[in-house]
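Just follow the structure's listing: the first ligand is 1, and inside any ligand the first atom is 1. Here the structure is a predicted model, which is why all the values come from computation and not from measurement.
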Amino acid sequence: MKNYDVAIVGAGFAGLYALHKLRSLGFSVHVFETGDGVGGTWYWNRYPGARCDVNSLEYSYQFSAALQQEWSWSEKYAPQPEILDYANHVADRFELRKDIQFNTRVIALLFDAKQGTWLGETEDGNKFSAQFCVMATGCLSKENVPSFDGLEDFAGTVLHTGKWPHSHVNLQGKNVGIIGTGSSAIQAIPLLAEQATALTVFQRTASFSIPAHNAAMDKEHERFIKDNYPQFRARNSQRYAALDNHPSQVSALELEVAARTAIYEARWEDGGLPFLASFNDLGSNLEANQTAVDFVNAKIREIVKDPAIAERLCPKTVLGCKRLCVDTDYYQTFNRDNVTLVDVSAAPIEKITAQGLRTHQKDYSFDTLILATGFDAMTGALLAIDIQGRNGVTLKEKWQDGPTNFLGLTVNGFPNLFTIAGPGSPSVLANMIVAIEQHVDWVAELLTHLAANRQRTVEASATAEREWVELVNEIASHTLFPTGCNSWYIGANIPGKPRIFMPFLGYPAYVDKCNAITAAGYPGFELS
Ligand code: NA7
């Protein structure tokens with residue numbers, strides 16, 4: 001049986017950097033990856049229009065100054081193929097592939113308390129052991145396939161946006177149905193509508209979307225950032241969510257309507273996620289939020305010509321409570337003759353039929369069904385592995401009422417196991433790559449500390465864990481996130497999933513907490 005200092009599960013951005021960092025510190029490291037290539041999220045999500053909603057110059061690694069200088073992004077928001085090229089470039093440049101085992105799914109991890117090591121098993125029946133496990137399994141990687149009656153009876157092709165085929169999908173001349181109107185659907189729909197003969201969109205909840213105004217990379221701006229990358233990164237690391245979103249210090253309720261609208265107009269013209277930072281209370285005050293809702297709904301009514309369709313597209317929820325979408329011509333697409341919008345909240349989907357789909361009102365036919373139904377977010381990929389900690393307790397049992405851990409990184413009862421960008425950390429509510437690098441660096445420092453002190457195990461204490469979960473919830477309770485909508489942040493998109501707000505709201509305060517723990521000699525952890 002192979003034995004490693006560190007086993008990493010996943011070769012996405014977290015797994016790649018963890019491998020590079022820990023290997024460079026002298027640990028023996030091995031990565032297990034289900035896919036046949038690197039890239040994680042950007043390896044699987046290949047649907048038409050897939051693109052990052054964070055600026056290219058920010059959504060990239062900063063651990064290597066040379067890498068930052070040599071890589072060039074072609075657009076303001078990078079398309080999926082380019083991000084995947086980048087992941088491959090990183091894998092080659094830092095010679096990572098030799099320690100990555102592709103086409104290998106880890107199915108079980110068992111903690112051997114006597115040895116203080118993890119025993120792992122892969123789907124092909126092979127076993128390995130490792131002193132430490134780094135779970136780099138991704139926050140949005142376990143796709144959600146709703147249990148529609150009759151799905152297996154569908155005579156045509158079923159595709160999921162999060163597991164899009166690697167071969168070319170030709171939708172020319174096809175009659176396509178798509179279920180879901182979240183970020184993935186909103187990116188895909190305009191392109192699907194161009195390709196397909198007919199496209200029927202089944203919408204349960206309308207989403208807010210802000211135009212990306214994507215464009216070719218401004219070379220002058222790129223040059224400026226490249227010349228100042230360390231300062232640019234340092235500044236961003238002190239900003240909320242580690243993003244350059246130009247946060248306003250003003251309440252939406254402080255201004256007269258005309259002045260407020262002018263600010264929304266300017267943010268709409270700039271496009272993208274910074275819209276959320278138009279005012280300082282959109283995430284915490286319902287009345288303030290309503291002003292943003294009204295602005296976006298007025299835009300939808302302006303763009304979409306048919307008033308009835310426009311009304312259906314106008315979200316009735318809190319803006320930003322679900323992940324804000326960023327699009328290119330999403331609302332405009334509903335002006336096309338070949339696109340139909342069906343509201344499946346009023347008349348829910350009853351079943352999938354051989355020819356299409358039946359709602360409580362009507363039958364629809366199509367030959368390709370696209371599920372843009374999202375993910376079992378944040379915990380899905382971790383719980384898909386049979387992880388057994390001390391005393392035979394599984395992570396599934398431990399998390400039956402929702403994820404509990406310390407710093408979003410370590411779980412009491414599961415020593416030497418780290419969840420990169422885990423629930424309870426900023427992850428999906430921060431610039432993900434920045435959050436990943438911070439987690440990996442923190443873990444690397446801890447493993448170095450253990451080795452220097454001849455200690456073999458580290459485990460979060462039950463008290464630290466309880467207090468952390470209370471803190472995560474306490475912070476969230478001051479915002480509209482927990483109660484404003486049924487989001488995947490609270491597990492509400494998966495029937496039966498415990499409802500608990502999962503991300504830690506507050507980068508960079510989170511980093512300060514992690515650093516303080518390192519500086520103080522790891523209070524809240526038992527090192528032995
Ligand atoms: P999302 O944002 O979770 O969207 C999933 C969509 O699928 C959403 O519109 C759901 O409607 C819809 N859905 C899910 N299950 C059903 C059923 N059973 N019937 C009808 N409609 C359904 O996933 P995405 O992949 O778009 O985006 C995930 C993240 O990736 C995104 O937040 C970005 O961070 C990138 P609902 O809203 O639940 O009514």
Please output the residues near ligand 1 using a strict heavy-atom distance under 4.0 Å, listed in chain and residue-number order.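 Shell around ligand 1 (4.0 Å, heavy atoms): L140, P146, F148, I179, G180, T181, G182, S183, S184, R204, T205, K322, R323, A372, T373, G374, F375, W488.
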Short N-O contact, D363 and R358, less than 4.0 angstrom: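 Judged by the 4.0 Å cut-off on N to carboxylate O distance, D363 and R358 do form a salt bridge.
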So, E222 and K76, do they make that salt bridge, N to O below 4.0 Å?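 Not counted as a salt bridge, because no side-chain N and carboxylate O are separated by less than 4.0 Å.
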Here's a test for you: under ring pair (Phe, Tyr, Trp, His ring centres under 6.0 Å), which of Y264, F279, F208 qualifies with F295?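 With F295 as partner, ring pair (Phe, Tyr, Trp, His ring centres under 6.0 Å) holds for just one option, Y264.
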From OG (S209) to CZ (R323), nearest 0.5 Å: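 That separation rounds to 12.0 Å.
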Approximate separation, where rounding is to 0.5 Å, of T181 OG1 and L341 CG: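 Interatomic distance, T181 OG1 to L341 CG, rounded to 0.5 Å: 8.0 Å.
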Where do A310 and R301 come nearest, in terms of heavy atoms and distance?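 Closest approach of A310 to R301: CB-CA, 4.1 Å.
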